[in-house]
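All values reported here derive from a predicted model rather than from experimental measurement. Numbered from 1 within each chain, the chains take letters A, B, ... in sequence-line order.
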Amino acid sequence: KCGIVSVQDNRISIWSAGDLGNTGLNGEYHGEPRLLCDIQHNGDVMDMQFLDQERIVVASSTGTVTIFRHHQNNQTLSANHRWDKAHYHVDQDTSCGGAACTGVVCNNPEIVTVGEDGRINLFRADQKDAVRTIDNADSSTLHAVTFLRTTEILTVNSIGQLKIWDLRHQRNEPSQIFSLAGDRVPLHCVDRHPNQQHIVATGGQDGMLSIWDIRQGTMPVSLLNAHEAEMWEVHFHPSDPDHLFTCSEDGSLWHWDTSTNVSEKPSFLHQGGRSTAYLSHSTINQSVVSAWLSNDPTKDRMEITNLIPNQTLSVNSLDVLGPCLVYGTDAEAIYVNRQLFA
Amino acid sequence: MGLQRSEEELAGKSRKAQLVQVSKNYRSVIRACMEDMHQAAVSTRDPALQGQYSTQVSILSAMELIWNLCEILFVEAATAGPLLLRLLDWVRLHVCDVDSMVRDVLGSESPSKHKLFWNVVDIFVLQGRMDEARHLLSKEATANPASMNMYKILDDLMKKMPVPSLSNTQTLTELELKWQHWHEECQRYLQDGTFASNPHMESICKILLGDEDAILEKKELMTTWYHFLVTRLLYSHPTVKPMELRFYAQSSMDLFLGGESSPEPLDLILMAAFEFEMHQVIKECSIVLSNWWFVAHLTDLLDHCKLLQSHNLYFGSNMREFLLLEYASGLFSHHSLWQLGVDYFDHCPEYGRVYLELHIERIPLSTEQKALKVLRICEQRQMHEQVRSICKIMAMKALRNNRLGSALSWSIRAKDAAFATLISDRFLKDYCERGCFSDLDLIDNLGPSMLLSDRLTFLGKYREFHRLYGEQRFAEAARLLLTLMTAHIAPCSFWMTLLTDALPLLEQKEVIFSAEQTYELMRCLEDLTAGNPDKQKFQDDDVETTKVEMLRLALARNLARVIVKEGTVEGS
């Protein structure tokens, strides 16, 4: 069973996505997601992540970071711990001096948050105060954060920079700064390749997907023109990292597939129409060099598919695990796709 | 509500069918809301809340009733024949709750002995549900063999009753003829006194003959005048034409209410519909319903059916647009539904854009993400002024919070050179006050955005000068410094600082500035001191005077050294 957490009218809700075994020929309309429990949330939910099986960390637009616990025996949610004013502006004229917390990432028991105040916080789930705070880590808004290694994090900001921070060091400076070559387009999301830690993907305000090799150079390895508007989230598939997913304000969700066996094309026959585009972009030298980094146009191609046939409003968020893909839109709808690689 | 957009794509012959489908979709939305509301009413414990929900349910149910009738009469524009069938469906679906009665009766051990038995049979007949009526009657016949004869005749009559069909297998004239024969047959049986011994069956026969009094006797079962209307039509004028409805409707209402009670608003709305007064329907609905959703969408649908004449309101826009604008404006006050409002404005050709421009600037921008969404909407519609104003608001906010990088990012998005200059001045001011740069990560990595404003370019280059100096690349640093002044990239106010920065370079053991460069520097210094109008103030300030003197001295010394150096022939 997949568990999905959603936000509606500023409530956090937990849904059961139905049994994986309960699928028919198309596997689409069986087992509609059921609402299990929900709880009020103060402010917009900007980001959230599961800390462990039962706890969820939620970042709010008021600058508060909250841990919610899901009690599975009686299906309730309760607020377990809260860090008020994890993110704030100094000027008291603005609304309670609160600055939105824009991103959160967990590595139990550590939690790292970033916000519009350019601040990075390191929390531990059991400790009341922040373990470490880097004030003014960035002069612009930090849009997203992810772990590079257990002691290093990656952040992206609104002047198009990707920064590595080493949390072992006490100095409040990034250990490395990468930036885009041309205009400093804000970067909104970042994700790291699950197996090959030097490969990082970021998404920008112009909808461009950038792939970086952080071992070398300060500029991206490839720039792929994708969406027509802000790319809100990018995710490598955790167990099958030849697959990448991006979603955008333009209402589309793209599936990027660099798996080398293109002859056995997986068929994405859900939800009617699909638009596919081919890009020659990857190599067959699979064992050593990842498909994402190579630039050899004569070899295999990358297949890109739009998974949404009738796009209307923005797709704000997505997540992927195993054969399941979940995404949420501005039309107050959540979609679950349980047969991604059918 | 994305039906709005899909509607725009409809065209062609099957248009009517599509419009009917759209109408049905709207109705299922209403029904779904009703369901949810009903669930909420049932599950809540608070009686006040329960009352509220129940009221909502009845409002929604009235809305669906009205919509359904409008769909039959206007959208589908059912013609004589099918019209009656549709109206029968309408009545069966909406008007009275037969099901619970039916369940009770059928569930009991001997249905024909149940006290509600004849009620159920009557209501089936009144609603034209002949098969079900006959089925029940057969139970009575088996229980009461004495009436077997009567039953057989009645059953036969009911079976043979001619009804309009949806397919074109018979014309209206054929139907009328058949019906006439059947009617006469019923008449004969009644007059022969066939059913005299069983009052129930006799009354059914009278109903079949369309006897108004007989039908009116069953007022309690029918509950509403429009049910009465449809039953009347079924048994006296099954081939009624749409335009004739109004007469029957008016008389039905009068007969039914009988002067005891006056019509309710819902009754008036339905009457207006039967009279095909669409504008009246919309007007009455607007008055009665507090929310614009219903009238806005119904009007829009009718407009697409090309049914509304361009009924110009005094301020020039037409009714459909007026209602949609009202509805969409209401959406904008909601924290998340405003995005839907945008779509509505897009589909209002005359005033939509103006309304959108006004509303979009007033959306509270609580987070950057929301601001970005609003901006994207503006950019897609070429609303450049709004883009600039929103970016400016966000940039000002960022500046106040000392988030200079964010402020710069917003000015880049708006391509706002003036604001970029403002930000650069802030940086430079900080530098002058503190002697070092803040936010180096930003200034060092400006990239091509540096070119947005001159001041920004200067800032970037100036920082580069410091970097070069720090890396001891003096010759390059010197060249850069000079360029900053001679190419007028640096603002005049900063020249003094730049010249002062040149001092250490001049004092180096090794000669850095060439003769030409030194002359340039001297010229700059003279420009600076000569150009200053307030010589008095300048001379009073000791520090300044000392600085100028030191500079002059250093420049002179450098010139001396460099002339010698350049004059010396190397290696000869």
Side-chain angles (χ1 to χ4, degrees), chain A residues 7-10 43-44 46 60-62 88-91 93-95 97-102 115-118 136-143 157-161 163 173-174 177-186 188 205 218 228-230 232 249-250 310 312-314 316 330-332, chain B residues 1-2 4-6 334-340 342-343 364-377 379-380 394-413 415 423 426-427 437-452:
Chain A
V7 183
Q8 261 184 329
D9 295 334
N10 293 350
D44 295 336
M46 307 296 295
S60 164
S61 61
T62 59
Y88 57 94
H89 288 305
V90 183
D91 187 345
D93 287 339
T94 54
S95 58
C101 175
T102 51
E116 280 179 11
D117 54 355
N136 219 8
D138 200 304
S139 62
S140 66
T141 300
L142 289 166
H143 283 292
N157 66 12
S158 54
I159 43 177
Q161 294 173 325
K163 295 184 183 174
E173 299 280 325
I177 302 181
F178 302 85
S179 42
L180 298 166
D183 281 326
R184 294 287 188 258
V185 176
H188 283 290
Q205 202 171 86
T218 54
E228 287 158 11
E230 286 85 351
W232 293 125
E249 176 72 21
D250 70 2
N310 302 318
T312 50
L313 292 178
S314 163
N316 290 327
D330 263 341
E332 296 188 355
Chain B
M1 296 180 207
Q4 186 65 28
R5 210 181 283 170
S6 60
H334 193 275
H335 71 98
S336 69
L337 290 177
W338 58 271
Q339 285 174 303
L340 295 171
V342 173
D343 277 335
L365 302 171
S366 48
T367 62
E368 288 198 357
Q369 197 179 24
K370 199 162 175 191
L372 287 171
K373 285 181 188 277
V374 173
L375 275 177
R376 189 57 65 178
I377 289 171
E379 279 171 0
Q380 278 168 351
M394 296 304 292
M396 276 310 299
K397 254 205 279 193
L399 206 60
R400 266 213 316 273
N401 290 323
N402 217 25
R403 311 256 85 244
L404 294 175
S406 295
L408 186 62
S409 153
W410 288 109
S411 1
I412 293 175
R413 176 92 184 242
K415 302 202 199 342
I423 299 170
R426 242 317 250 281
F427 271 113
F437 285 107
S438 61
D439 302 316
L440 278 177
D441 65 331
L442 171 64
I443 312 176
D444 276 342
N445 293 294
L446 281 174
S449 59
M450 214 195 301
L451 301 171
L452 183 60

| Best-contacting candidate, B:E379, B:Q339, B:Q380, against chain A by heavy atom pairs under 4.5 angstrom |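 Winner by heavy-atom pair count: B:Q339.
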| said: Test of understanding: with side chain to side chain donor-acceptor pair (under 3.5 Å), list the residues that count as partners of A:T141, not counting sequence neighbours. | reply: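 A:T141: side chain to side chain donor-acceptor pair (under 3.5 Å) contacts with B:E368, B:S406.
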Rounded at 0.5 Å granularity, tell me how far [atom1] in [X] sits from [atom2] in [Y].
X: B:K370; Y: A:M46; atom1: NZ; atom2: CE; answer: 11.0 Å
X: B:K397; Y: A:H89; atom1: NZ; atom2: NE2; answer: 8.0 Å
X: B:N401; Y: A:E116; atom1: CG; atom2: CD; answer: 9.5 Å
X: A:S314; Y: B:Q369; atom1: OG; atom2: CD; answer: 7.5 Å

State, yes or no, whether a side-chain contact exists between [X] and [Y] at a heavy-atom distance under 4.5 Å.
X: B:S409; Y: A:P186; result: yes
X: B:L375; Y: A:E230; result: no
X: A:D330; Y: B:K373; result: yes

| query | Picking from A:N157, A:N316, A:L180, A:T62, which has the most non-hydrogen pairs under 4.5 angstrom with chain B? | reply |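 Heavy-atom pairs under 4.5 Å are most numerous for A:N316.
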| message | Using a 4.5 angstrom heavy-atom cutoff, name the option from A:H143, A:Q161, A:H188 with the most pairs to chain B. | response |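 Looking at each of A:H143, A:Q161, A:H188 in turn, A:Q161 comes out on top.
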Does any heavy atom of chain B fall under 4.5 Å from the side chain of [X], the backbone, both, or neither of them?
X: A:E249; result: side chain
X: A:A100; result: side chain
X: A:E228; result: backbone
X: A:D138; result: both

| query | Does any heavy atom of chain A fall under 4.5 Å from the side chain of B:R403, the backbone, both, or neither of them? | reply |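 For B:R403, the contact with chain A is made by backbone and side chain together.
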| Going through the checks in order, is the side-chain contact (heavy atoms from CB on, under 4.5 Å) test met by B:R413 and A:V185? | CA-CA 9 Å; B:R413 176 92 184 242; A:V185 176; over 6 Å; no
